[in-house]
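Here is the structure we will look at.
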Amino acid sequence: MTPLLELRDVSRHFTVRRGFFDPTPLTLKAVDGVSLSVDKGETLGLVGESGCGKSTLARLVVRLLDPTHGDILLDGDSLVTPGTKAQTSLTGRLQMVFQDPFSSLDPRMSVGRSMAEPLTASGRSSAARRRERVAAMLDRVGLRPEHASRYPHEFSGGQRQRIAVARALISNPDLVVCDEAVSSLDASVQAQVLNLLRDLQDEMGLAYLFISHDLGVVGHMSDRMAVMYLGRVVEYGPRDALLRTPAHPYTRALLAAAPGRDPSRRTRRPALSGDLPSPLAVPTGCPFHPRCAESIARCTDDDPIWHTVSGTGQMSHTARCHLLASGL
């Protein structure tokens, strides 16, 4: 079956300069050779520390950025190659919910007008039909139709995020990218928004690319998960397999550091230590080796390849780690 969304060896590099007195250009590898897929109606969770490239990847998917290398496909058609079927029919099929609803909503624009923008851009509906659609979506996310005439500053953080969700869904997209969509909300409001997203997924048949640094939230929402480190995916597989038998030391460190875990199930492996290296100076060999308590000699120089931990096809659990090749 053709995935709804597929990323094939996608990279995004930026050219930056050291400073005013040193114009030497440097290459920042924000995303480096990522391959992922999302099926119709599925949630793929993407987890990693801040600065690992998750948000850059989100913007590549919804085409706010162009990849430096690689291809992004929607229903098997390229979104990168100009003039393809996927590009000409892209409007509305991919949408995004950003981390901060206050900054992603125009403060000078009423909620109703902001929500109707995707419909206005498509040019396929009348003003009356847009008003009806806005009222219906507000009701669906637990707000009242009369809220359409108000402005973002008149709402709480949770209400603003509901508005952002309604705006993303108003054009009936196939896939929604949620980039840290609940990280700025209180725990009780987080739960409400997550339950809303799950209900809407069941009702509308949506697929989600759900991005977060919170393993608990990603584990709650996802069917499959990918773990990202310094612009690369280092582990990938079904949620239960990845959480129960993590194969990469970075994944194990994230799990060990996650709050709220059952103390009886904690391991003696050390939690993650040290700071994330700069993407301007990615370590040689395995990028994680300077922070890895389990590194071996070849980790310093050799770039690890993918190894299958369990499963096959879409349900395979894979990781990039020399320890798997060594049987450790």
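Heavy-atom basis, side chains included; hydrogens, waters and symmetry copies ignored.
- Ion pairing between a basic and an acidic side chain is recognised when a charged N comes within 4.0 Å of a carboxylate O; Glu42 and Arg224 show such pairing.
- The neighbour count for Arg113 CZ, taken as heavy atoms of other residues, nucleotides or ligands under 6.0 Å away, does not exceed 12.
- In this structure, the side-chain contact (heavy atoms from CB on, under 4.5 Å) partners of Arg59, at least two apart in sequence or on a different chain, are Ser55, Leu64, Leu65, Met96, Phe98, Asp179.
- For the side chain to side chain contact (heavy atoms under 4.5 Å, CB included) test with Leu4, the passing option among Val38, Leu74, Asp39, Leu73 is Leu74; the others fail.
- Residue pairs meeting the salt bridge (Lys or Arg N to Asp or Glu O under 4.0 Å) criterion with at least one member in residues 158-167: none, sequence neighbours excluded.
- Using modelled atom types and a 3.5 Å distance limit, the side chains of Gln201 and Thr43 yield a donor-acceptor pair.
- Aromatic rings of Tyr229 and His248 (six-membered ring for Trp) have centroids beyond the 6.0 Å cut-off, not under it.
- Scanning for ring pair (Phe, Tyr, Trp, His ring centres under 6.0 Å) contacts around His13 gives His69, with sequence neighbours left out.
- Ion pairing between a basic and an acidic side chain is recognised when a charged N comes within 4.0 Å of a carboxylate O; Arg291 and Asp275 show no such pairing.
- We find that Asp174 and Arg93 are joined by a salt bridge, their nearest charged nitrogen and carboxylate oxygen being less than 4.0 Å apart.
- Side-chain contact annotation: His213 with Glu49, donor-acceptor N/O pair under 3.5 Å absent.
- Taken to the nearest 0.5 Å, the CG atom of Leu46 stands 6.5 Å off from the CG atom of Leu36.
- Note that the CD1 atom of Ile72 and the CZ atom of Arg8 stand 12.0 Å from one another [nearest 0.5 Å].
- Using a cut-off of 4.0 Å between Lys/Arg side-chain N and Asp/Glu carboxylate O, Glu294 and Arg252 are scored as salt-bridged.
- Annotation: salt bridge (Lys or Arg N to Asp or Glu O under 4.0 Å) contacts involving residues 134-158, sequence neighbours excluded, comprise Arg140-Glu203, Arg144-Glu146.
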Would you please test His317 and Tyr236 for ring pair (Phe, Tyr, Trp, His ring centres under 6.0 Å) and show each step? CA-CA 6 Å; His317 175 196; Tyr236 188 33; 9.7 Å; no
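- The only option from Val177, Ile211, Leu7 that meets the side chain to side chain contact (heavy atoms under 4.5 Å, CB included) definition with Leu57 turns out to be Leu7.
- For Asp9, the side-chain contact (heavy atoms from CB on, under 4.5 Å) test picks out Ser35, with sequence neighbours left out.
- Asp75 and Lys40 are joined by a salt bridge, as a carboxylate oxygen and a charged side-chain nitrogen come within less than 4.0 angstrom of each other.
- Annotation: salt bridge (Lys or Arg N to Asp or Glu O under 4.0 Å) contacts of Asp106 (sequence neighbours excluded): Arg108.
- In this structure, NE2 in His220 is found 10.5 Å from CD in Gln190, a value given to the nearest 0.5 Å.
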